[in-house]
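A quick write-up on the structure given underneath.
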Amino acid sequence: MEVHRPSDGALIGRHFFEREPVVCARELVGAILRWGRRAGMVVETEAYDAEGDEACHTFHRPTARAFVAGHRAGSAYVYLNYGMHWMLNVLAKGRRSGFVLIRAIEPMRGLAGMRRARGVASLTELCSGPGKLARALGVDGSHHGIDLCSPGCRGFSVGPPVAAVACGPRIGISRAKELEWRFLMPGNPHVSGAGRKEKAGRTLEVRPA
DNA sequence: ACTAAGATTCGC
DNA sequence: CGAATCTTAGTA
């Protein structure tokens with residue numbers, strides 16, 4: 001399978017997110033997410049398609065559809081779930097549009113700040129879930145709609161080579177459970193707990209280190 | 001106005 | 001396993 005990935009360390013630009021959500025979600029695994037002075041490697045993502053995907057907000061929510069229509073690829077889509085957890089997504093707009101949910105990162109920089117924000121010490125508990133990483137990084141509603149592809153303190157860059165990416169069903173949804181649009185680094189201890197106890201998922205692609 | 005459900009997490 | 005907690009959306 002042909003994988004499009006800019007040279008290592010480069011900032012991930014808008015063109016990366018001007019593709020289908022599923023492709024963006026898969027290729028974002030291994031990227032470095034920088035959020036101010038805190039940063040981590042993306043180890044788990046999910047894709048949501050704005051058209052026909054019953055699990056995507058756009059299926060039932062006019063405000064989500066308006067967001068897709070009114071924002072550029074690479075914009076942050078941030079929302080509050082269960083009244084207490086912020087979820088960080090990136091808008092993807094290619095032949096199809098949709099969101100990439102950042103579900104887990106491996107903490108790399110700003111660990112003290114992350115531990116302070118989360119109130120836990122365990123490294124593998126810091127960012128191993130979408131709500132956890134948002135809290136650890138300080139993501140909240142004020143970031144809804146910001147551009148993650150412009151020069152600034154928040155955005156993605158290319159990470160180290162990824163050995164393998166596995167895929168499986170998305171977590172915590174009630175509809176469209178059959179779609180295997182969750183992507184993760186097999187064996188990485190920082191993937192979300194929900195995923196750790198389930199089957200690792202089948203290996204999708206393998207890249208040489 | 002009132003109700004329901006939700007891309008979760010934590011504690012008992 | 002159930003509470004916490006609040007926004008969006010559907011219905012009256």
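Keep in mind that the numbers below use all heavy atoms, side chains included, and drop hydrogens, waters and symmetry copies. Lettering follows sequence order; numbering is per chain, from 1. All of these numbers come straight from a predicted model, not from anything done at the bench.
- Spacing between atom CZ of R61(A) and atom P of dT8(C) amounts to 7 Å, rounded to whole angstrom units.
- A perpendicular orientation is assigned to the rings of Y77(A) and H57(A), their planes being inclined by more than 60° (bins at 30° and 60°).
- M87(A) comes within contact range of the sugar-phosphate backbone alone, with a heavy-atom separation under 4.0 Å but no base atom that close.
- The pair E18(A)-K93(A) fails the salt-bridge criterion, with no side-chain N (NZ, NE, NH1 or NH2) lying under 4.0 Å from an Asp/Glu carboxylate O.
- To the nearest angstrom, C1' of dT8(C) lies 12 Å from CZ of R65(A).
- The main-chain N or O of G129(A) is never found under 3.5 Å from a side-chain atom of S192(A) such that the two would form a donor-acceptor pair.
- Judged by distance alone, the side chain of S150(A) and the main-chain N or O of D147(A) form no donor-acceptor pair under 3.5 Å.
- Closest to the H85(A) side chain, of the nucleotides dA9(C), dT9(B), dA4(C), is dT9(B).
- The side chain of C56(A) lies closest to dA7(B), out of dT8(B), dA9(C), dA7(B).
- In this structure, H71(A) and H144(A) have tilted ring planes: the angle between them lies in the 30° to 60° band.
- R170(A) comes within contact range of no nucleotide atom at all, as no heavy-atom separation falls under 4.0 Å.
- Between the C1' atom of dT7(C) and the CZ atom of F67(A) lies a distance of 16 Å, rounded to the nearest Å.
- Between I171(A) atom CD1 and dA7(B) atom P there is a gap of 13 Å when expressed in whole angstrom units.
- Within the 3.5 Å criterion, the main-chain N or O of W35(A) finds no donor-acceptor partner in the side chain of R154(A).
- Between W86(A) atom CH2 and dT9(B) atom P there is a gap of 15 Å when expressed in whole angstrom units.
- With sequence neighbours left out, the salt bridge (charged side-chain N to carboxylate O under 4.0 Å, His left out) criterion links D53(A) to R170(A).
- With pairs defined as Watson-Crick or G-U wobble and both atom distances under 3.5 Å, the stems of at least three pairs that touch DNA chain B come out as B:1-6 with C:6-11, B:8-11 with C:1-4.
- Seen from the ring of F16(A), R19(A) counts as a face-on cation partner, given the 6.0 Å and 45° thresholds.
- Taking side-chain N and O atoms only, R118(A) has a distance below 4.0 Å to OP1 or OP2 of dC10(B).
- Rounded to an integer number of Å, the gap from F59(A) CZ to dA9(C) C1' is 15 Å.
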Pairs under 3.5 angstrom, nitrogen or oxygen only, protein versus nucleotides 1-6 of chain B, please.
{"unit_1": "dG6(B)", "atom_1": "OP1", "unit_2": "S174(A)", "atom_2": "OG", "d": "2.9"}

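- The backbone N or O of T124(A) sits less than 3.5 Å from a side-chain atom of S128(A), completing a donor-acceptor pair.
- E125(A) has its CD atom 13 Å from the C1' atom of dG11(B), to the nearest Å.
- Counting non-hydrogen atoms under 4.0 angstrom, I173(A) reaches the backbone sugars and phosphates but no base.
- Per the geometry, NE2 belonging to H60(A) stands 16 Å off C1' belonging to dT11(C), to the nearest Å.
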